[in-house]
Asks: 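The structure that follows is given in the form of structure tokens.
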Amino acid sequence: MIDLALLRSDPERVRESQRMRGDDEAVVDRVLATDARRRAALTEFEQARAEQKSLGRDVAQAQGDEKAALLVRSKELAQRVKALQADADAADAEARELLMSIGNLAEPGVPAGGADDFAVLRTEGTPRDFAAEGVPVRDHLELGEGLKAIDMERGAKVSGARFYYLTGVGAQLELAILNAAMGVATAQGFLPMITPTLVRPETMRGTGFLGNHSDEVYYLEKDELYLTGTSEVALAGYHTDEILDLSGGPLRYAGWSACYRREAGSAGRDTRGIIRVHQFHKVEMFSYVRSEDAAAEHERFLAIQESMLQALELPYRVIDTAAGDLGTSAARKLDCEGWLPSQERWMELTSASNCTTFQARRLAIRERGEDGTRAVATVNGTIGTTRWIVALLENHQQADGSVYVPPMLRPYLGGVETLTPVL
RNA sequence: GGAGAGUUGACCGAGCGGCCGAAGGUGACAGUCUUGAAAACUGUUGAGGCGUAACCCGCCUCCGCGGGUUCGAAUCCCGCACUCUCCGCCA
């Protein structure tokens, strides 16, 4: 939720952001109009209510005829108060709903436009020249099957499309990635957390995942619970309705969780292998930080992500996502995309979003300031996920179908330097 | 799944249908005293909103959440969530 006070004082700033995102800018004026109506109704209600309260005190003290007369008056007033309250509540709900429909303000510098309008900030590492090496490029699934690491067929038999089993070294490889990620995060001062993956509607809504992309989310109707697509949801919800003490620096958490995504809008995309699946695991960094420090925290996340990808010896590029491709909550999103040799394209491996005060405002997460409280900022970012298996297998494949293991992961794989196909 | 008890401010804990945003205590902060500290004493100490752009000030809302009864609800009624205890079931 954006700051209503800001929308009132600088509506053009909000319109500008809406344009950058490709969203409706007329909503800004609707918010202004509805808010004016809300305030008028509220004032009227409050005046009537004040009168009712003072009359009520008179009733309590009056006796006999005087009391009877006062009761008549206050009964009339009670009707009026009720009606005015209903008006005020309705106007408030309407204003709030409109305000909630506005995505976070894109940060200055974020490219305008949609999914294809991202800016490439830099490229690190060089994709291998497989032809020059004389290595025939196999895709991750072919490699994974050769290693007996990935079983899509049985995944489909048991659960359907986009489900899979990780078997043997595949399972070990995922655990290696996640454990390495957890280790790095912990060393960087993040508190390790294993989080719930089923959350209540308020939490899902508060984190901004029930907006445009609500089709992406699994919902358990019988229990009124949502399956989360990232531990960001549980980590953001963790401090709902709390006033935090950030005087000692940001609160940093590293959440480990299974992630569930319906992939409703991606029919036909990435159907082969485990690039785009309904269920996977992820370690996510999440910080609660003072508003003025959020951009620096965002950079910090990116640096940690890059250090992971470098340790895994994966070529990648960093992109600044365009405004129209930001999630509802994000003001800026920086992704690291790893090279995918089999398709000769880049594929998202990490994503880091600065949500500024947007999420915290919805979830009522504040800190104590000089006078009063103010919303904190939240920042989130990937530090390891199942999909990295794809990049590792493909980028580190050898001519014989074996796969080189970067030193960082070896301690988690019994020290092996190479994964060898099972014949 | 069944039965019961509970949910009040940073924390503990009172609370009669009518000056109750809420006694008392703890903690925190400030002051007095002290060389300093402790103790003692005194004072301050919740959030959101409207009037209003801001101050002062005034007013409204918030006693788990949502409804209802009433001129008036922390207090009475209903529903929901959560916590605890006992029983049952599963592991």
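Lettering of chains follows the sequences in order, A, B, ..., and the numbering in each one begins at 1. As the structure is a computational prediction, the values presented were derived from the model and not from experiment.
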Asks: With heavy atoms under 4.0 Å as the rule, sort R8(A) into base, sugar-phosphate or nothing.
Replies: sugar-phosphate

Asks: Among all residues two or more places apart in sequence or in another chain, which pass the salt bridge (charged side-chain N to carboxylate O under 4.0 Å, His left out) test with R96(A)?
Replies: none

Asks: Could you state the CG-C1' distance from D89(A) to G66(B), rounded to the nearest angstrom?
Replies: 12 Å

Asks: Take the protein atom CD of E367(A) and the nucleotide atom P of A10(B), then report the distance between them rounded to whole Å.
Replies: 16 Å

Asks: In whole angstrom, give me the gap between the P atoms of G64(B) and U7(B).
Replies: 8 Å

Asks: Can you name the salt bridge (charged side-chain N to carboxylate O under 4.0 Å, His left out) partners of R290(A), sequence neighbours left out?
Replies: E367(A)

Asks: Of the candidate nucleotides C71(B), U69(B), A47(B), which contains the atom at the shortest distance from the side chain of R366(A)?
Replies: A47(B)

Asks: Can you tell me how far P of G18(B) sits from CD of Q52(A), to the nearest Å?
Replies: 16 Å

Asks: How far, in whole Å, is C86(B) from U75(B) if one measures between their C1' atoms?
Replies: 29 Å

Asks: If the C1' atom of C16(B) is compared with that of C33(B), how far apart are they to the nearest Å?
Replies: 42 Å

Asks: The criterion is salt bridge (charged side-chain N to carboxylate O under 4.0 Å, His left out); which residues satisfy it with R361(A), sequence neighbours excluded?
Replies: D3(A)

Asks: Suppose we screen for ring pair (Phe, Tyr, Trp, His ring centres under 6.0 Å). Which residues come up paired with F190(A), at least two apart in sequence or across chains?
Replies: F301(A)

Asks: Considering only heavy atoms, which members of residues 28-39 of chain A lie under 4.0 Å from some atom of RNA chain B?
Replies: R38(A), R39(A)

Asks: If the P atom of U32(B) is compared with that of A37(B), how far apart are they to the nearest Å?
Replies: 11 Å

Asks: Tell me the interatomic distance from R80(A), atom CZ, to U70(B), atom C1', rounded to whole angstroms.
Replies: 20 Å

Asks: Take R200(A) and I243(A), find for each the nucleotide of RNA chain B with the closest heavy atom, and name the residue whose nucleotide sits nearer the 5' end.
Replies: I243(A)

Asks: Rounded to the nearest angstrom, tell me the gap between atom CG in D223(A) and atom P in C82(B).
Replies: 11 Å

Asks: Which whole number of Å gives the distance between the C1' atom of C55(B) and that of G13(B)?
Replies: 38 Å

Asks: With sequence neighbours left out, what residues match Y164(A) under ring pair (Phe, Tyr, Trp, His ring centres under 6.0 Å)?
Replies: none

Asks: Rounded to the nearest angstrom, tell me the gap between atom CG in L225(A) and atom C1' in C82(B).
Replies: 14 Å

Asks: What stems show up for RNA chain B when you take Watson-Crick pairs (N1-N3 plus N6-O4 or O6-N4) and G-U wobbles (N1-O2, O6-N3), both under 3.5 Å, and require three or more consecutive pairs?
Replies: B:1-7 with B:81-87, B:10-12 with B:24-26, B:27-32 with B:40-45, B:46-51 with B:57-62, B:64-68 with B:76-80

Asks: Under the rule for side-chain contact (heavy atoms from CB on, under 4.5 Å), what residues qualify as partners of A322(A), not counting sequence neighbours?
Replies: P111(A), D117(A)

Asks: Nearest-Å distance, CG (L99(A)) to P (G49(B))?
Replies: 12 Å

Asks: As a quick check of understanding, evaluate ring-ring contact (aromatic ring centres under 6.0 Å, His included) for H278(A) and Y260(A), giving each step before the final call.
Replies: CA-CA 5 Å; H278(A) 289 309; Y260(A) 301 91; 9.9 Å; no

Asks: Can you list the residues that meet the ring pair (Phe, Tyr, Trp, His ring centres under 6.0 Å) rule with F358(A), with sequence neighbours excluded?
Replies: none

Asks: Apply ring pair (Phe, Tyr, Trp, His ring centres under 6.0 Å) to W346(A) and list each qualifying residue two or more places apart in sequence or on a separate chain.
Replies: W339(A)

Asks: When you compare G24(B) with C20(B), how far apart are their C1' atoms, in angstrom units rounded to a whole number?
Replies: 15 Å

Asks: Please enumerate all protein N or O atoms sitting under 3.5 Å from an N or O of nucleotides 60-63 of chain B, with distances to 0.1 Å.
Replies:
residue: U61(B); atom: OP1; partner: R49(A); partner atom: NE; Å: 2.3
residue: U61(B); atom: OP1; partner: R49(A); partner atom: NH2; Å: 3.0
residue: U61(B); atom: OP2; partner: K53(A); partner atom: NZ; Å: 2.9

Asks: Both R374(A) and K82(A) contact RNA chain B. Taking the nearest nucleotide for each, which residue is further toward the 5' end?
Replies: R374(A)

Asks: Using the test side chain to side chain donor-acceptor pair (under 3.5 Å), find all partners of D139(A) that sit at least two apart in sequence or belong to another chain.
Replies: R272(A)

Asks: Run the numbers on E284(A) and T382(A) for side-chain contact (heavy atoms from CB on, under 4.5 Å), then give the verdict.
Replies: CA-CA 5 Å; E284(A) 178 87 353; T382(A) 324; 4.1 Å; yes

Asks: Surrounding CD of E292(A) (heavy atoms of other residues, nucleotides or ligands, distance under 6.0 Å), is the total greater than 12?
Replies: yes

Asks: Between the main-chain N or O of G229(A) and the side-chain N or O of R261(A), is there a donor-acceptor pair closer than 3.5 Å?
Replies: yes

Asks: Expressed as a whole number of Å, how far does the C1' atom of G79(B) sit from that of U69(B)?
Replies: 15 Å

Asks: D241(A) has an atom CG; how far is it from atom P of A81(B), in whole Å?
Replies: 19 Å

Asks: If the C1' atom of C59(B) is compared with that of C19(B), how far apart are they to the nearest Å?
Replies: 15 Å

Asks: Measure from the side-chain heavy atoms of T373(A) and tell me the nearest of C71(B), A47(B), A81(B).
Replies: A47(B)

Asks: Nearest to the side chain of T43(A) - G72(B), G51(B), A81(B)?
Replies: G51(B)

